[in-house]
Amino acid sequence: MRPDIATQVDQTFWMITGTSIVLLLIITAAMLYFLFKYSKKRHPVPENIEGNTSIEIVWTVIPVIIVLVMFFISWAGFKNMRDVPKDAMVVKVMGQMWKWSFEYDNKKKSDTLYLPVNRDVKFEIGSIDVNHSFYLPQFRVKEDAIPGRTNYYWIRTNEEGNFYAACAEYCGLNHWNMYAQMVVMPEDKFAVWKNYFPPDTTAVAKTDTLKTTAGAKDTLKTVKDSLKVPAVTKDTTAIKKDTIKK
Amino acid sequence: MANGTIAAHGTAEVDFYHVKSKHKGLLAWLLTTDHKRIGIMYLSCMTVFFLTAMTFGVLMRLEMLTPGMTIMTAQTYNSLFTLHGVIMIFLFIIPGIPAVFGNFFLPIQIGAMDVQFPRLNLLSWYLYIIGGGLAIFSLFGGGGWVDTGWTFYVPYSVRTTTNVSLSVFAAFVLGFSSILTGLNFITTIHRLRCPGMTFFRMPLFIWSIYATSWIQVLATPVIGITLVLIILERAFGIGVFDPTLGGDPILYQHLFWIYSHPAVYIMILPAMGVVSEIIPTFARKPIFGYVPIAISSLAIALVGYLVWGHHMFSSGISDTSRVIFSLLTFIVALPSGIKVFNWVATLYKGSIVMSAPMLYAMLFIFIFSIGGLTGLVLGALNTDLHVTDTYYVVAHFHYVMFGGMGIIFFASVHYWFPKMFGKMYNEKMAKVAAIIIGVGFNVLYFPMFIMGYMGMPRRYYDYLPEFQIYHLISTVGSWILVSGILIMIANLLSGLRNGSKASSNPWEGTTLEWTVPSPPPLLNFDKIPTVDHGPYEHPEIARRKEEESK
Amino acid sequence: MSNNVNTAVEEVQEIHMHRDDFGSKMGMWLFLFTEVLLFGGLFILYAAYRYIYPEAFVVASGELDVFMGGINTVILLTSSLTVVLGIVALQKGNKKLCLSFLWITVFCGIVFLVNKYFEWGAKFHHGIYPKGPALQDMSEGEVMYFGLYYVMTGLHGLHIIVGLAFIGFVMWQIKRNILTADNFQRLENAGLYWHLVDIIWIFLFPLFYLIH
Amino acid sequence: MDTNNHHDEHNDGHIAEAHHPSYGVNILVWIGLLSLTAVTVAVAGINLGSLALTVALIIATVKSLFVVNFFMHVKFDNKVVKIFIGVCMLIFVIVLILTFFDLTFRF
Ligand code: HEA
Ligand code: CUA
Ligand SMILES: [Cu+2]
């Protein structure tokens, strides 16, 4: 199986950060040591050293190698990110000021992102007004929602539970409150939800909400609460609510 | 090195503050074409803007102290980070070192009487003031405070009803000020070097200003036209960026970053130049690797043009271009690395005096390295998609901007304070302030790396509970930083009032500005100096060299 | 030189401001580079949209009058020539001839602007302007084409006006013998500016008028 | 005192004076420019397909080279000016190419 995107991002991150820490320690240690050893008190007469070509070459070539390694590792991770598995389930993501809505292949729409566990999911991301960015922090990936374009990425849901999506491109007054709940549930439950209940009534609103907070849901709070609830019970409540609606 | 004219000065000449002028009082300043006076005028105005923007920053931190509303509404918060960013970038950090210290010391360091175009220089200052005034004025206009973020991304910047046009126009005017300064400096460096001052005998500060000026001249117009397009778009709906008319919002981002990435090197290169002055002065030895440092400035300026796409990795630009921009981003890190290594190597076998400017310079190396190295995480393709537009980026750029240029701005003020004002500050207090600033800085910004990695998006008025502890630490850090900065400012002001008189060369510096009296006389030199060796030849070393050759 | 404390700042400075023709030419060139990149940003936009909407650009270009554009090209080239001839005349000490040449330049510049005025006027008349009735029925590519057309030719027109002012100022200085046969750098700088504006038109003409 | 006596470019600083100006050459250049304008209009009439843009740009470039070299005296000018122009054009071309790495693979 292919490596998981989130794991790969974390690995790359720590590889680069680790190398950086080592470099930083070397530089800082050398600096402090020199400051101490060659302070005016201990070393009153400076020596006249104007440079050294071979050492310049050394500290040019080694960093070149280091950054090239970093580049290739991150490139490999990136390739994996862009290369969507063939059987991935497609979810259309639409951003607007200031909410997300999701559309499934059977035209079902929803404000909450319900997904089956252990599936590859491809998001096709668009926007109806200004730029947003569809960010799934726990999955380590985001891509902007640009009006007039469709961007994409994919993830693999390998764990049941509650997650969230945030907006990561500044989009005005309620940018900070543009969350969506994300629930990953067992395949069969998901199928029930997707196929047996009518499309959510909260489809994309066409009004331009540039300056009003009125009527905007406090999605931040919703997400906060959802993350507090243990994953499994939350799943069932979500389904139940939908049942009742019907 | 300037023919030992030191003694001859001092007595015979009046410093530039006290020279009689055609005009009286304030007019003597507002109509001056003296590069030193213009430098001082920039310094005083810039301090005001800087403190304003800093206060905004502290207010933002206060808001983030607790979840939910703490002291302001979301709309206010959005305007505050916009204004904070705009003022910091366009009014402080881009003009910063070149306009203040470049103006004051560039002519002196190359042995000239003034810049090539003194009147144009004054015009630059007026444009700066007009731009700053417009930015302030935009706060009082009809629509309310601009709320787009300093990046002015379309379509939002075209749709919002706040005073975008006026703020954008302010940035446009400031751009012209920057262009004219750059143009002036390039010509000055080419035309007014004193006899014997070859390119490779110029102080490294001049090299860095030279590279910076080229970026100013060749990159700034691009943002000029981009900002004009926003205004036209708002006023007439011409539509070149409007997706509903067939425009491409991503092209706006290209044009914006074609300037704004090189601009980050406008910010940092002069700071690097100052570091290359301070270290040899206080290590009492020539800089290690003069030529590599000089050339790496030019390399940064050039390669800096090739990497703007790394700000757009998540915007949906093509995969090919992402790969290319990422590779180039990694390459642009190399010349900075070369500089850092050479600075550290300069310390080797020196005879180091740990004065306040030197302390700031060491702080810079540490902080800037952190900022730069985290830039690598941002330049990497897959990790950037996670941390872009989170507090990780906020931490990165405060480390490089504030920790890089900001800290060195403080260092420069201390380093050149005796020369500019002819007075000494209290050395001990200066060091105390530097240490508090160093601590406060890291407490303020380091938690942002952690938050960013955990997924806290930037430009957020409110946040999930898991981030609270980091926001709390960060806000406390801002208070530590504020106290450090207040001590620093108080110390400098008291030095200005009651400091002891500074000699012409209190640090035993070797560049030309240390050969003239403090403060310098109107025409800098009473006889244009002649130079016959490199900029960092310490007299003691020169003497020893001579003895050896005998 | 003197260090006379009693001399005012400005006077002392004046004494020491040595005339440096090459320096001022260098400054002018650097300024021209900023103009190049100012238009450069627009040329990048143009290239992008032409790449995205190739057919629409052909269609939209049909609205422009190649003859008018061609005439304007000839006018600008001629005005450039007369500036150069003016410089030659001044160098040879022939002030009167110089001024006559520059008058031709000014005349050409004004004619160019008048032509532009009629061209724009005709478009407006047909409803082709941002948010105008005709433009709203056009395809996306055409809207982009005309957006760029107005911005680029408009900015160019603005440069013509600035150039004319610059030349006018220089003419006044020539008249007053401030600029002479051995002090003509400012005239040359005005010329440099004017030629740059000409070069930009040399590119605008084929890019907007001659698409088939 | 003269601050300007000692830099690298100075000696050829007044080269514009050294090169003897004449009316004739400039008029010839002008005629050349007019002819090239005619050519570019004429060529535009022929259907060259995708080559049309290239041809138009080549002609425009040749024209500007004439203007730069003769009308703007760069041919007779100091090396520094030439290098400067080179740097400026280099930056512009690089920026254009890099932008197209995005556009070409995005649309
Ligand atoms: C002074 C300003 C400054 C400077 C100098 C830099 C320097 C660098 N920056 Fe930064 N950057 C900004 C200011 C600056 N930046 C700003 C303002 C933003 C955000 C704008 C916004 O969105 O609002 C930003 C954003 C930003 C991004 C986009 C993030 C995003 O939005 O997703 C990226 C991505 O690549 C990046 C990378 C880099 C790199 C690689 C460097 C390099 O030049 C750093 C080089 C330095 C070092 C590497 C450290 C020293 C070297 C060594 C210790 C030797 C060892 C080194 C190696 C082995 C390589 N920066
Ligand atoms: Cu939507 Cu930010
Ligand atoms: Cu950048």
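Below, chain A is the first sequence line, B the second, and so on; all start at residue 1.
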Peer 1: Measure Phe81(B) against the heavy atoms of chain A and call it side chain, backbone, both or neither at under 4.5 Å.
Peer 2: side chain

Peer 1: Run the salt bridge (charged side-chain N to carboxylate O under 4.0 Å, His left out) check on Asp120(A) and Arg156(A) step by step: do they pass?
Peer 2: CA-CA 4 Å; Asp120(A) 296 329; Arg156(A) 188 172 170 79; 2.9 Å; yes

Peer 1: Side chains of Ser54(A) and Asn52(A): do they bring a donor and an acceptor to under 3.5 Å?
Peer 2: yes

Peer 1: What residue in Phe330(B), Tyr461(B), Tyr460(B) has the most heavy-atom pairs under 4.5 Å with chain A?
Peer 2: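 Max contact count across the listed options: Tyr460(B).
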
Peer 1: Quick check for you: among Asp248(B), Leu327(B), Thr148(B), which has the greatest number of heavy-atom pairs under 4.5 Å with chain A?
Peer 2: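 Option with the greatest count: Leu327(B).
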
Peer 1: Counting only heavy atoms closer than 4.5 Å, note whether Ser39(A) contacts chain B via side chain, backbone, both or neither.
Peer 2: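 Contact with chain B is through both the backbone and side chain of Ser39(A).
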
Peer 1: Taking side chain as everything from C-beta outward and backbone as N, CA, C, O, which of these in Pro292(B) sits under 4.5 Å from a heavy atom of chain A? Side chain, backbone, both or neither.
Peer 2: side chain

Peer 1: Could you look at Ile370(B) and say if it's the side chain, the backbone, both or neither that has a heavy atom under 4.5 Å from chain A?
Peer 2: both

Peer 1: Looking at Gly372(B), Ser369(B), Gly350(B), Pro280(B), which makes the most heavy-atom pairs under 4.5 Å with chain A?
Peer 2: Gly350(B)

Peer 1: Hey, are Thr329(B) and His310(B) close enough side-chain-wise for a donor-acceptor pair under 3.5 Å?
Peer 2: yes

Peer 1: Please determine, among Thr73(B), Val291(B), Val323(B), the option with the most heavy-atom pairs under 4.5 Å with chain A.
Peer 2: Val323(B)

Peer 1: Salt bridge check: are Glu143(A) and Arg82(A) linked by an N-O gap of less than 4.0 Å?
Peer 2: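 Yes, charged N to carboxylate O under 4.0 Å.
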
Peer 1: So for Val340(B), is it side chain, backbone, both, or neither that comes closer than 4.5 Å to the heavy atoms of chain A?
Peer 2: side chain

Peer 1: Could you tell me whether Arg140(A) sits above the aromatic face of Tyr135(A), with NZ or CZ closer than 6.0 angstrom to the six-membered ring centre and within 45 degrees of the axis?
Peer 2: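 Arg140(A) over Tyr135(A) ring: no.
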
Peer 1: Mark yes when over 12 heavy atoms from residues, nucleotides or ligands other than Tyr152(A) sit less than 6.0 Å from its OH; otherwise mark no.
Peer 2: yes

Peer 1: Pick one of side chain, backbone, both or neither for Arg322(B), based on which atoms fall under 4.5 Å of a heavy atom in chain A.
Peer 2: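 The side chain, not the backbone.
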
Peer 1: In terms of heavy-atom pairs under 4.5 Å with chain A, which of Ser326(B), Gly246(B), Gly149(B) leads?
Peer 2: Ser326(B)

Peer 1: Say whether Ser133(A) and Asp389(B), considering side chains only, have a donor N or O and an acceptor N or O under 3.5 Å apart.
Peer 2: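 No, because no side-chain N or O of Ser133(A) sits under 3.5 Å from a partner of the opposite role on Asp389(B).
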
Peer 1: Only pairs of heavy atoms separated by less than 4.5 Å count here; which of Pro243(B), Ser315(B), Gly289(B) has the most with chain A?
Peer 2: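 It is Ser315(B).
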
Peer 1: Side chain, backbone, both or neither: which part of Ala333(B) has a non-hydrogen atom closer than 4.5 Å to chain A?
Peer 2: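 No part of Ala333(B) comes within 4.5 Å of chain A.
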
Peer 1: Please classify the contact of Met454(B) with chain A as side chain, backbone, both or neither, using a heavy-atom distance under 4.5 Å.
Peer 2: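 Backbone only.
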
Peer 1: Does any donor atom in the side chain of Asn162(A) or Gln181(A) lie under 3.5 Å from an acceptor atom in the other side chain?
Peer 2: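 Looking only at side-chain atoms, Gln181(A) and Asn162(A) do not form any donor-acceptor pair under 3.5 Å.
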
